[in-house]
Every structure is written in structure tokens, then in C-alpha cells.
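Structure, as C-alpha cells:
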Protein chains: 2
Amino acid sequence: MTPQKKSSRTPRDSGPRKNPAPAAKPSGLQAELRQTKSFSSLHAEAFLNLVRTSAQMQHALHLKLKPYGITETQYNSLRILRGAGPHGLTCAEIGERLVSRDPDITRLLGRLEREGLVRRERGAKDRRVVLTRITGAGLDRLKETDPVVNSTVHGLLAHLSQAELKTLIDLLERARRMAAPLK
Amino acid sequence: MTPQKKSSRTPRDSGPRKNPAPAAKPSGLQAELRQTKSFSSLHAEAFLNLVRTSAQMQHALHLKLKPYGITETQYNSLRILRGAGPHGLTCAEIGERLVSRDPDITRLLGRLEREGLVRRERGAKDRRVVLTRITGAGLDRLKETDPVVNSTVHGLLAHLSQAELKTLIDLLERARRMAAPLK
DNA sequence: CGCGATTATCTGTTATAACAAGCATGTCCC
DNA sequence: GGGACATGCTTGTTATAACAGATAATCGCG
């Protein structure tokens with residue numbers, strides 16, 4: 001039961017805030033989000049830009065992949081398995097290599113197996129592990145979707161110069177250093 | 001020799017690279033993902049870095065917010081509602097301002113209402129819309145979580161200089177220009 | 001008014017994400 | 001070589017994301 005008690009406290013007015021920072025430079029994201037206040041710090045602004053840009057691009061890619069009946073994570077997994085070659089990989093290894101974390105590799109692979117894109121098999125040496133390999137159908141699916149992904153990603157970033165891309169990559173890698181690895 | 005040929009400034013190139021030889025320039029992300037092949041293009045490398053960095057930072061924030069019983073999107077919504085003041089906002093307006101898209105604002109707000117953090121009410125003038133306002137309890141929750149979010153975000157990016165942050169922000173905003181707005 | 005088109009939100013349904021507990025090996029150490 | 005511990009995956013459960021269709025109110029126009 002939610003007490004839902006009526007708060008005796010009226011919502012504190014958010015009226016003219018007392019000048020928190022020099023809002024001299026109206027930021028682009030601030031306008032996009034129709035925010036009235038300026039960001040509390042450059043760190044916050046960078047973080048929000050990062051998350052928003054990532055979300056927009058992932059969404060764009062998602063829309064492109066949808067007609068092929070495959071999600072970004074599934075595509076990512078297939079790429080990983082193709083790269084791993086015929087030996088296959090364990091669930092843990094796949095998890096480590098995924099661009100963004102998935103706490104349930106088992107069912108992710110289960111879905112891919114149900115569609116015939118991968119095949120799973122208990123390890124012969126260590127019977128605890130399950131080795132997953134990509135199938136011919138999986139390779140075909142990748143062959144079909146690779147150009148879509150490549151051209152989408154390229155199209156999203158084509159307006160930046162090589163130098164700008166390198167700077168961006170460098171900054172992102174350095175930014176990531178303080179974030180704990182996804183576990 | 002690096003595959004990074006400096007062709008004339010046309011960003012074309014980045015054709016399929018079959019070169020299985022060890023990459024001359026081992027990128028940081030490539031090592032992180034234990035990839036054997038080099039990235040097919042700078043665009044792909046930038047995209048993957050972007051998505052991964054965003055995911056790691058969001059995950060870090062998620063872990064910090066979890067003890068307070070609130071998700072990132074919920075926190076974002078409450079911030080938006082606090083910023084909007086006592087007039088409240090419609091579902092559509094909230095959706096526009098969310099940093100990352102949520103296709104189901106109704107139930108997102110429903111969960112917040114169930115916890116007493118927001119209150120909803122049909123618009124008097126236009127009875128189609130539902131105006132949502134933050135409650136006292138919602139403001140309290142924000143007061144509790146704001147320092148956590150601020151310090152987390154700050155901690156994640158504190159090792160970058162102001163100039164680097166500004167460059168990063170600028171590049172992200174420019175990168176975003178080609179991505180369709182989240183809808 | 002009344003009809004159709006539009007807008008804004010809600011509901012139903014399915015799929016996936018997240019977390020926690022469980023089960024089957026494998027390893028180590030006495 | 002047998003029991004405690006570690007490892008690797010699976011299963012159960014709940015919450016949330018995603019999408020499509022339904023519902024309700026408003027607006028434009030004759």
C-alpha cells in the first residue's frame with residue numbers, strides 16, 4: 001500500500017534560481033532537452049552528451065537491424081563468434097567481449113541457437129563449459145547484415161574528419177579509464 | 001605499416017580489410033574486447049568506443065542509484081519534473097526531454113506514482129493530456145540522490161581536464177547531428 | 001451540431017534485462 | 001581419495017523495454 005499521504009509541503013518553487021553559473025554559453029544539449037537551467041558542471045554536460053549520443057546512435061542502428069530479425073547484442077555476439085573461429089567460445093568469454101554488458105549470456109545464446117545461428121556443445125576436456133560456435137546460417141546472417149551495420153555506422157559519423165574521429169576515440173578511451181569494467 | 005593510409009582527405013576508404021596480420025596500432029578498445037582483427041574503419045572504432053563508454057558509465061551510475069530504489073530513467077524523469085516546476089508536464093513533454101528514449105512514459109510515471117514520487121492529473125483545459133507533477137516525497141528523493149549522482153559523474157570524469165571535456169562535448173554534439181532524434 | 005482527422009494517453013502482449021539461487025563439474029589439500 | 005571450495009553455466013522470478021492496437025478528447029470544417 002502506498003501511503004500516498006498528502007505532503008504538507010508544497011513543491012518548492014523552482015523560480016528564478018539564483019544565478020548558479022554563468023550561463024553565457026548556451027549548450028546544444030541544453031536546448032535539445034529544453035532545460036532551463038545550465039548544467040551544474042562540465043562533467044555532467046559531458047556525461048549527458050555521451051549517454052544521449054550513444055542512445056541515439058544505438059537506436060538508429062536498432063531500426064536498421066530490425067528488418068533482419070536480429071538485435072544489436074545478437075549481432076555483436078555473432079561477430080564475436082565469427083572472429084573466434086571454429087574453436088568456439090565459452091559463455092564467459094563471449095560476455096567479456098560484448099560491447100555492452102549482458103548478464104544472461106545463456107538465454108541470449110539460446111535464442112540464437114533456436115534460430116539456428118549458433119550451435120552449442122559441452123566442452124570435451126572441461127565438461128563444465130559450453131562451447132558455442134557460429135553456424136553457416138549464422139555466417140550468412142552476418143554477411144547479410146554486415147554491410148547494413150557498416151554503412152549505418154559510417155553514415156552516422158561520416159561528417160567528422162579523420163582527425164576528429166581520432167580525437168574522439170582518444171578522449172573516449174581516456175574517459176573510460178575511471179569507469180569500472182562492466183561485470 | 002599502419003593500415004591508416006593518409007589518402008587525400010576524402011573519408012572514403014575503410015574498405016573491407018582482410019589483412020589478418022597483427023595490427024600495427026593496437027587500439028585500447030581492441031585489446032579490451034580481445035579482438036584479433038583491427039577495426040574496419042575509424043567510424044566503427046569511434047562508434048564502439050562511444051557505446052562502450054556510455055554503457056560502462058551508465059552501469060556505474062546504476063549501481064550507485066540502486067540502493068536508493070530508483071533507476072536512471074526514473075531519476076531523469078524526476079529531475080525533469082523538478083525543473084518544470086509546479087505546472088507539471090505532459091507525457092509527451094517528458095518523453096522529449098529524457099536523455100534516452102522511453103517508449104512507455106505512462107507506465108514509467110505509473111511506477112513513480114505508485115511510490116508517491118509524482119502525482120498525475122487530467123488537464124483542466126485539454127482533457128486529453130495528463131499533467132504530472134513532482135511531489136514532496138519526490139523532491140526529497142531527489143535531494144537524497146542528487147549528491148550521489150553528481151559525485152559519481154564527477155568521479156567518472158574528474159581525470160579529464162576542462163579543455164578535454166569541452167572538446168569531448170563539442171565532438172559529441174557534432175557527432176549527434178547525423179543521428180535522427182530519438183522518437 | 002456532427003463527422004472525420006488528429007492528438008495524447010492507456011492497455012495488452014511479447015521479448016529482453018536484471019538479479020539471485022541452484023546444479024553440475026572440477027580443483028586443492030590434507 | 002574424499003570433503004570443502006571454486007568455477008561455469010542454467011533456471012526461476014521479477015521488472016522493465018518495445019511495439020501495436022485501443023480509447024478518449026479535441027479540433028477543423030461543412
Side-chain angles (χ1 to χ4, degrees), chain A residues 51 54-56 58-77 88-115 118-133 182-183, chain B residues 51 54-56 58-77 88-115 118-133 182-183:
Chain A
V51 172
S54 174
Q56 283 191 1
Q58 282 189 273
H59 184 59
L61 183 57
H62 174 71
L63 293 181
K64 292 282 189 174
L65 278 179
K66 189 158 59 166
Y68 298 89
I70 196 175
T71 68
E72 299 112 288
T73 305
Q74 289 173 349
Y75 172 79
N76 193 191
S77 307
L89 288 176
T90 67
C91 288
E93 287 170 327
I94 295 171
E96 283 172 8
R97 299 177 198 199
L98 281 172
V99 173
S100 53
R101 167 177 181 272
D102 186 330
D104 191 356
I105 311 287
T106 298
R107 271 175 281 219
L108 169 66
L109 294 177
R111 291 186 281 266
L112 289 175
E113 187 175 38
R114 180 151 35 87
E115 293 193 49
V118 306
R119 194 157 44 83
R120 287 188 289 184
E121 186 176 327
R122 283 262 162 213
K125 191 164 101 61
D126 184 342
R127 291 191 53 71
R128 285 174 306 181
V129 307
V130 169
L131 290 174
T132 304
R133 301 192 207 89
L182 294 170
K183 72 176 171 90
Chain B
V51 172
S54 175
Q56 283 191 2
Q58 281 190 273
H59 184 59
L61 183 58
H62 174 71
L63 293 181
K64 293 281 190 177
L65 279 179
K66 188 158 60 165
Y68 298 89
I70 197 176
T71 69
E72 300 112 288
T73 305
Q74 289 173 348
Y75 172 79
N76 193 189
S77 306
L89 289 177
T90 67
C91 289
E93 288 169 326
I94 295 170
E96 283 171 9
R97 298 176 199 201
L98 281 173
V99 173
S100 52
R101 167 176 178 273
D102 186 329
D104 191 356
I105 311 286
T106 298
R107 272 176 280 219
L108 169 66
L109 294 177
R111 292 186 281 266
L112 289 175
E113 186 175 39
R114 181 153 37 87
E115 294 192 47
V118 307
R119 195 156 45 84
R120 287 189 287 184
E121 188 175 327
R122 282 263 164 214
K125 189 165 101 60
D126 183 342
R127 292 192 52 70
R128 288 172 304 179
V129 307
V130 169
L131 290 174
T132 303
R133 301 191 212 92
L182 294 170
K183 70 174 174 94

Return the value, rounded to whole Å, for the distance between atom [atom1] of [X] and atom [atom2] of [N].
{"X": "A:L98", "N": "C:dA18", "atom1": "CG", "atom2": "P", "result": "12 Å"}
{"X": "A:E93", "N": "D:dT7", "atom1": "CD", "atom2": "P", "result": "15 Å"}
{"X": "B:E96", "N": "C:dT7", "atom1": "CD", "atom2": "P", "result": "13 Å"}
{"X": "A:L131", "N": "D:dG8", "atom1": "CG", "atom2": "P", "result": "12 Å"}

I'd like a table of donor-acceptor pairs (distance under 3.5 Å, sequence neighbours excluded) in which one partner is a side-chain atom from residues 60-72 of chain B, with atom names and distances.
from  : atom 1 : to    : atom 2 : distance (Å)
B:H62 : ND1    : B:E72 : OE1    : 3.2
B:T71 : OG1    : B:Q74 : N      : 3.2

* Test side chain to side chain contact (heavy atoms under 4.5 Å, CB included) on A:R114 and A:R111 and set out the steps. => CA-CA 5 Å; A:R114 180 151 35 87; A:R111 291 186 281 266; 3.4 Å; yes
* To do: Under 4.0 Å from any atom of DNA chain D, heavy atoms only: list the residues of residues 119-129 of chain A that qualify, in numerical order.
  => A:R120, A:R128, A:V129
Listed partners of [X] passing side-chain hydrogen bond (donor to acceptor under 3.5 Å, both in side chains), at least two apart:
{"X": "A:R133", "value": "A:E121"}
{"X": "A:E113", "value": "A:R120"}
{"X": "B:T73", "value": "none"}

* **Residue pair B:L98 / B:I105, side-chain heavy-atom distance below 4.5 Å** => yes
* To do: For residues A:D104 and A:D102, determine if any side-chain heavy atom of one lies less than 4.5 Å from a side-chain heavy atom of the other.
  => yes
* To do: Summarise how protein sits on nucleotides 11-22 of chain D as a single string, 5' to 3': B when a protein heavy atom is under 4.0 Å from the base, S for sugar-phosphate-only contact, - for no contact.
  => BBB--SSBB---
* Asked: Is the backbone of A:V99 close enough, under 3.5 Å, to the side chain of A:N76 for a donor and an acceptor to pair up by distance?
  -> yes
